[in-house]
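Here's the structure, in structure tokens; my notes come after.
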Amino acid sequence: MKKTYNINEKGYYGEFGGAFIPEMLYPNVEELRQNYLKIMADPSFKAEFDQLLKDYVGRPSPLYFAKRLSEKYHTKIYLKREDLNHTGAHKINNTIGQIIMAKRLGKHRIIAETGAGQHGVATATVCALMGLKCVVYMGEIDIARQAPNVARMKMLGATVIPATSGSKTLKDATNEAIRDWISNPTDTHYIIGSVVGPHPYPDMVARFQSVISEEIQKQLLEQEGISKPNYIVACVGGGSNAAGAFYHFLNDTQVHLIAVEAAGKGIHSGESAATSALGNIGIIHGSKTLLMQTKDGQITEPYSISAGLDYPGVGPMHAHLYQTNRAQFLSVTDDEAMVAGLELCKLEGIIPAIESAHALAVFNKKTFSPEDIVVLSLSGRGDKDLETYMKHFEL
Ligand SMILES: *Cc1c(COP(=O)(O)O)cnc(C)c1O
């Protein structure tokens with residue numbers, strides 16, 4: 001049998017995935033599992049999704065040949081410009097897909113968890129678009145740290161509820177969202193923001209984000225006369241922009257996949273989010289995957305200068321890509337990412353999100369040949385990160 005890196009019928013990538021959920025959540029997750037593929041296969045679903053991606057999000061996002069960056073690193077670098085999407089990142093691809101899914105399941109109320117607020121904003125945006133009620137759970141500490149995104153969510157009509165338990169950050173917000181879903185099983189859909197959570201979420205989110213690699217194939221064919229690159233590089237928090245950029249190349253081993261994780265202040269500093277390097281097998285947010293944990297299985301609080309990458313786990317697809325060596329995993333420190341981010345500003349006139357800047361740091365870690373075509377997922381724009389850039393470089 002040919003090896004495949006896609007999900008199997010049981011909801012697993014190799015040994016990773018599944019749905020480890022409290023019994024009271026079973027009906028909600030099961031309803032989604034039984035219907036998501038059917039709904040996505042409906043031509044009218046696809047038509048609505050494609051039209052919103054085009055007219056509302058602004059897709060296809062350009063595949064931009066970065067000439068000056070390519071000259072500097074003696075290879076051919078293309079940037080997939082997810083930063084040009086409405087709301088400034090790839091996250092909107094998923095929330096558009098899930099809001100249409102929610103409507104077709106007859107749901108009237110949306111809940112979400114958010115860390116830095118980026119997924120909360122993307123969710124509040126599509127709820128406003130569709131006129132659905134939106135409740136976003138966010139750790140109390142994150143609310144204080146991310147005031148502009150809290151303001152955005154409120155302007156978009158969402159209710160932001162602080163999670164006050166535990167460390168008052170993302171994992172506590174996730175716990176609150178799950179509690180809400182258990183109490184509101186019939187009218188509520190939970191929009192998860194990455195390729196994490198119980199099956200079918202990782203697969204559903206990967207499929208919505210797969211528009212990224214679908215476009216890369218077409219655009220490369222037009223621009224290079226070949227539909228696949230030698231390398232695809234993407235940063236990994238939970239793993240959704242990487243999953244989308246890898247998706248149509250997963251089973252083509254001529255295409256090398258590179259996943260970049262946040263090493264924070266250094267892998268061994270105790271302050272990092274390099275899940276594959278530091279993690280081991282466990283269960284987080286309803287799926288079996290790699291996560292950073294103590295010897296007794298307590299989840300370690302992650303750290304990265306980029307709020308979008310400080311997640312203590314990684315989605316099950318990526319755990320499998322790591323374990324099978326299908327993808328190469330690199331880790332990049334705060335400092336390395338910041339330097340790479342500023343370099344893109346100076347060389348190409350593009351201010352990247354600090355998450356995406358982690359992927360850009362690959363060019364200082366690895367040498368590519370002049371004939372190689374390297375496609376890099378520029379997952380988001382850096383407007384939200386100006387303050388962090390200014391502080392870091394004393395601008
Ligand atoms: C949220 C975010 C990420 C990390 O999430 P993934 O699910 O790993 O893609 C990366 N880049 C940007 C700009 C983000 O907002």
Side-chain angles (χ1 to χ4, degrees), residues 61 79-95 97-98 112-123 125 138 142 146 148-149 152 170 174 191-197 201-202 204-206 208-213 232-247 257-262 273-276 285 287 289-290 302 304-319 321-322 327 329 331-332 337 340-341 344 350-361 376-386 388:
S61 66
L79 303 177
K80 183 57 175 162
R81 300 289 309 274
E82 295 302 298
D83 61 314
L84 295 177
N85 293 340
H86 178 46
T87 69
H90 65 291
K91 287 194 170 73
I92 191 88
N93 305 325
N94 168 45
T95 57
Q98 286 203 49
E113 84 296 339
T114 197
Q118 296 301 111
H119 173 58
V121 169
T123 302
T125 299
M138 188 169 184
D142 290 332
Q146 309 288 343
N149 277 340
R152 286 184 185 103
L170 179 62
T174 304
I191 298 190
I192 293 184
S194 190
V195 285
V196 300
Y201 278 100
M204 179 172 68
V205 176
F208 289 142
Q209 292 291 1
S210 72
V211 63
I212 299 173
S213 48
I232 301 189
V233 185
C235 65
V236 173
S240 68
N241 87 90
F246 294 169
Y247 196 87
L257 310 177
I258 301 180
V260 183
E261 294 183 321
T275 307
S276 69
H285 301 154
S287 89
T289 189
L290 292 172
S304 163
I305 194 168
S306 90
L309 299 184
D310 69 352
Y311 181 69
V314 67
M317 175 200 279
H318 297 288
L321 295 176
Y322 174 75
F329 280 67
S331 53
V332 161
L344 191 72
I350 299 170
I351 303 176
I354 300 175
E355 291 85 354
S356 321
H358 281 74
L360 288 161
L376 185 141
S377 171
L378 202 71
S379 55
R381 60 175 170 247
D383 306 39
K384 67 184 178 62
D385 297 320
L386 290 189
T388 313

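The first residue of the sequence shown is numbered 1, and numbering continues consecutively from there. Counting starts at 1 for both ligands and their atoms, in listed order. What you see is a predicted model; the values in this text were computed from it and never measured.
When all heavy atoms are compared, the tightest approach of Gly117 to Asn149 is C-ND2, 3.6 Å.
The side chain of Ala353, and not its backbone, has at least one atom closer than 4.0 Å to an atom of ligand 1 (non-hydrogen atoms only; side chain from C-beta on). When heavy-atom distances to ligand 1 are checked against a 4.0 Å cut-off, Asn241 comes that close through both its backbone and its side chain. Counting heavy atoms closer than 4.0 Å to ligand 1, residue Glu82 contributes nothing at all. Only side-chain heavy atoms of His90 come within less than 4.0 Å of ligand 1; its backbone N, CA, C and O stay farther off.
Ranking protein heavy atoms by distance to atom 12 (C) of ligand 1, first place goes to Ser379 OG, 3.5 Å.
Between Glu355 and Arg381, no side-chain nitrogen of the basic residue sits less than 4.0 Å from a carboxylate oxygen of the acidic one, so the salt-bridge criterion is not met.
The atoms of ligand 1 that sit less than 4.0 Å from any heavy atom of Gly237 are 8 (O). Residue contact check: Gly380 has heavy atoms under 4.0 Å from atoms 13 (C) of ligand 1. Atom numbering of ligand 1 starts at 1 in the shown order; those under 4.0 Å from a heavy atom of Ser194 are 6 (P), 7 (O). Ligand 1 places these atoms under 4.0 Å from at least one heavy atom of Cys235: 10 (C). Close contacts between ligand 1 and Val236 involve ligand atoms 8 (O) [criterion: under 4.0 Å to a heavy atom]. For ligand 1, the atoms sitting less than 4.0 Å from at least one non-hydrogen atom of Gly308 are 4 (C), numbered in the order shown with element in parentheses.
Counting heavy atoms of neighbouring residues, nucleotides and ligands inside a 6.0 Å radius, atom CD1 of Ile351 does not exceed 12 of them.
When the heavy atoms of Gln118, Glu261, Lys91 are ranked by distance to atom 14 (C) of ligand 1, first place goes to Lys91. When Ser240, Ala357, Ser306 are checked for heavy-atom proximity to atom 6 (P) of ligand 1, Ser240 turns out nearest.
Looking at heavy atoms from C-beta onward, Met204 lies in side-chain contact with Phe208 at the 4.5 angstrom threshold.
When only modelled atom types and interatomic distance are considered, Glu82 and Ser377 share no side-chain donor-acceptor pair under 3.5 Å. Side chains of Lys80 and Ser61: a donor-acceptor N/O pair is present below 3.5 angstrom, by distance only. Using a 3.5 Å distance cut-off with no hydrogens or angles, the side chains of Asn93 and Gln209 do pair a donor with an acceptor. In the model, His86 has no side-chain atom that pairs as donor or acceptor with a side-chain atom of Thr125 under 3.5 Å.
Taking distance alone, with nitrogen or oxygen atoms compared against 3.5 Å, Ala89 stays at or beyond that limit from ligand 1.
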>> For a side-chain contact (heavy atoms from CB on, under 4.5 Å) check, start with the C-alpha distance between Asp310 and Leu170, then their side-chain angles and the critical distance, and finish with the verdict.
In response: CA-CA 9 Å; Asp310 69 352; Leu170 179 62; 5.9 Å; no
